[in-house]
Amino acid sequence: MERVENKVLLDIPERIRKKDKVALESQVNERKKKEEAVSLKAYAAEVVCNDKAACLLKQRQLKEERLLQGAIEDFWLNFQPRCSRREYDLNNPDKVMNQDGIQMLPGLVGEDPDSQGRLKKQQEQLREWSVQQQHELATARHQQRLEEQQYDQDRVDLDIQALQLQKIEEERRRSAALATKDFNLAKAAENAEKQWKKWQQEKEDNRTDILNQLQGELLSKSQEQGISVLGLPHLRADSCKGLTNEQLQHVIDCHQQRIEEKSAEQQKEELHHDRFCVTSARTALLLERRQARINKQLRRTLDSANAQLSEAHREQKKYLDNVYTNIPDDSYFSQFNTSSR
């Protein structure tokens with residue numbers, strides 16, 4: 001029994017190692033599959049990019065071939081017309097085509113006595129055409145350069161004009177805001193002055209009323225004013241005669257308290273109005289600053305757009321300069337008129 005148990009215990013690590021090996025191999029296979037998938041994806045992207053580049057190159061080559069063929073056809077049309085052919089006849093242009101057999105040049109059969117002079121004239125004519133084309137090309141480039149300079153100058157002038165208009169608009173808005181602020185401050189000061197005058201007038205009226213009440217018959221020291229018609233012990237209901245000094249002082253204090261309460265209420269209203277005016281002016285100033293920030297942001301956006309347009313124009317010009325570099329020379333024109341046909 002002990003030998004069997006020891007053998008089982010020895011077999012357990014071997015099984016664990018086998019399971020770990022299988023798991024590791026599966027992980028390695030999965031990693032290889034992922035790497036292959038990534039490499040295949042990268043290869044496919046590279047193939048697509050190469051195909052696009054090949055298509056662009058093919059299109060460019062076809063375009064250049066079409067331009068070359070068009071230039072050749074224009075050259076044939078302008079410099080090799082039918083009337084310049086040797087077999088052309090003014091009276092009968094189809095004379096050579098209608099003749100039977102082949103017409104030879106005068107002299108020996110197959111010889112051209114004036115070949116050297118004709119070749120020299122052709123070379124001179126090709127040289128003149130080349131010089132003329134170079135001059136036309138230089139003139140076209142100079143004209144294009146002048147147009148680009150004029151375009152840049154016009155764009156700069158437009159930018160300067162836009163800046164001037166923006167400054168004028170900002171000044172107008174600032175002047176309007178200042179005028180509104182001054183008007184509000186003047187209106188607030190005028191209202192405050194009116195309130196102050198009104199309060200002073202009411203205070204003076206109250207003081208005059210108090211003095212009139214104190215000096216009138218109602219509060220005079222004449223005891224006869226308070227005697228009722230019923231006799232001396234009775235007092236009139238509408239008169240203050242017969243009141244004690246404490247009662248009179250209480251009446252005066254009540255009037256004075258009402259006057260002070262009314263004055264405090266008026267001062268509170270004036271303070272509220274002043275705070276409202278200050279808040280309105282502060283709001284107008286904040287709106288003006290916000291508008292200035294918005295204008296500055298719009299100007300930055302316009303400058304960025306102009307810079308991007310200028311950069312795109314320069315890139316297009318650089319691309320055109322790199323593409324149109326094949327200038328015809330003497331070797332190009334020397335391939336024409338090399339035979340008798």
Side-chain angles (χ1 to χ4, degrees), residues 150-216 218-219 238 240 246-314:
Q150 184 65 31
Y151 172 76
D152 295 336
Q153 185 65 31
D154 293 340
R155 188 169 56 81
V156 171
D157 294 338
L158 289 176
D159 292 340
I160 293 173
Q161 187 176 3
L163 285 173
Q164 292 177 355
L165 293 176
Q166 185 178 3
K167 288 181 180 179
I168 292 172
E169 183 67 20
E170 290 178 356
E171 290 293 335
R172 186 188 65 79
R173 292 181 179 179
R174 189 179 294 106
S175 300
L178 291 175
T180 305
K181 180 181 177 181
D182 295 338
F183 176 78
N184 292 331
L185 292 176
K187 196 68 176 177
E190 183 180 357
N191 293 331
E193 186 177 0
K194 287 182 180 180
Q195 292 291 335
W196 174 257
K197 289 181 180 180
K198 184 178 179 181
W199 179 74
Q200 288 287 343
Q201 186 65 32
E202 290 182 356
K203 185 176 181 181
E204 188 67 25
D205 293 341
N206 292 331
R207 186 180 299 172
T208 303
D209 188 17
I210 291 172
L211 290 175
N212 291 332
Q213 292 293 335
L214 291 175
Q215 294 176 2
L218 184 62
L219 297 178
D238 58 347
C240 295
E246 290 80 6
Q247 292 175 346
L248 291 174
Q249 187 65 33
H250 178 68
V251 172
I252 294 171
D253 293 338
C254 289
H255 282 284
Q256 189 67 27
Q257 184 178 1
R258 290 176 183 175
I259 293 171
E260 291 178 355
E261 290 178 356
K262 191 172 183 180
S263 176
E265 185 177 357
Q266 289 178 355
Q267 290 179 358
K268 185 176 180 181
E269 290 179 356
E270 291 176 359
L271 181 61
H272 178 70
H273 185 267
D274 293 338
R275 288 179 179 176
F276 176 76
C277 293
V278 172
T279 305
S280 299
R282 186 179 300 171
T283 304
L285 182 60
L286 292 175
L287 290 175
E288 181 182 358
R289 292 179 179 176
R290 181 183 178 185
Q291 187 65 34
R293 288 195 297 270
I294 292 173
N295 293 333
K296 188 180 293 183
Q297 184 65 29
L298 290 175
R299 184 57 195 169
R300 290 178 180 174
T301 305
L302 181 61
D303 293 339
S304 178
N306 290 333
Q308 291 178 1
L309 290 175
S310 178
E311 184 66 24
H313 183 67
R314 285 196 295 270

note = Sorted by chain and number, sequence neighbours left out, salt bridge (charged side-chain N to carboxylate O under 4.0 Å, His left out) with Arg258 holds for none
inquiry  = Can you tell me how far apart SG (Cys277) and NZ (Lys181) are? Round to the nearest 0.5 Å.
reply    = 12.5 Å
inquiry  = Applying side chain to side chain contact (heavy atoms under 4.5 Å, CB included), can you list everything that pairs with Glu311, at least two apart in sequence or on another chain?
reply    = Arg314, Glu315
remark   = dist His273:NE2 -> Lys187:NZ (nearest 0.5 Å) comes out at 9.0 Å
Minimum side-chain heavy-atom gap Glu204-Arg207 below 4.5 Å = yes
request  = For the pair Lys167 and Glu171, find out whether any cationic side-chain nitrogen is under 4.0 Å from an anionic carboxylate oxygen.
outcome  = no
request  = State whether the side chain of Thr283 and the backbone N or O of Thr279 hold a donor-acceptor pair below 3.5 Å, judged by distance alone.
outcome  = yes
ask   = Tell me, do Glu288 and Arg174 make a side-chain contact under 4.5 Å, heavy atoms counted?
value = yes
message = Give me each pair satisfying salt bridge (Lys or Arg N to Asp or Glu O under 4.0 Å) with a member in residues 264-286, each pair once, sequence neighbours excluded.
response = none
ask   = Taking only residues two or more places apart in sequence or in another chain, which ones pass ring-ring contact (aromatic ring centres under 6.0 Å, His included) with Phe276?
value = none
query = If you measure from CH2 on Trp196 to CD on Gln201, what distance do you get to the nearest 0.5 Å?
reply = 13.0 Å
key: Gln195 and Asn191 side chains, donor-acceptor separation under 3.5 Å   = no
task = Any chance you could measure Leu185, atom CG, to Leu178, atom CG, to the nearest 0.5 Å?
result = 10.5 Å
Pairwise distance CD(Gln267) to CD(Glu260) - rounded to 0.5 angstrom = 10.5 Å
Would you mind writing out the side-chain donor-acceptor pairs for residues 295-302 within the sub-3.5 Å range, not counting sequence neighbours?
{"unit_1": "Asn295", "atom_1": "OD1", "unit_2": "Gln291", "atom_2": "NE2", "d": "3.3"}
{"unit_1": "Asn295", "atom_1": "ND2", "unit_2": "Gln291", "atom_2": "O", "d": "3.1"}
{"unit_1": "Arg299", "atom_1": "NE", "unit_2": "Asp303", "atom_2": "OD1", "d": "3.2"}
{"unit_1": "Arg299", "atom_1": "NH2", "unit_2": "Asp303", "atom_2": "OD1", "d": "3.1"}
{"unit_1": "Thr301", "atom_1": "OG1", "unit_2": "Gln297", "atom_2": "O", "d": "2.9"}

Show me, pair by pair, the donor-acceptor contacts under 3.5 angstrom made by side chains of residues 150-159, not counting sequence neighbours?
{"unit_1": "Gln150", "atom_1": "NE2", "unit_2": "Asp154", "atom_2": "OD1", "d": "3.1"}
{"unit_1": "Gln153", "atom_1": "NE2", "unit_2": "Asp157", "atom_2": "OD1", "d": "3.2"}
{"unit_1": "Asp159", "atom_1": "OD1", "unit_2": "Asn306", "atom_2": "ND2", "d": "3.2"}

key: Atom pair CD/CG of Gln256 and Asn206 - distance to nearest 0.5 Å   = 9.5 Å
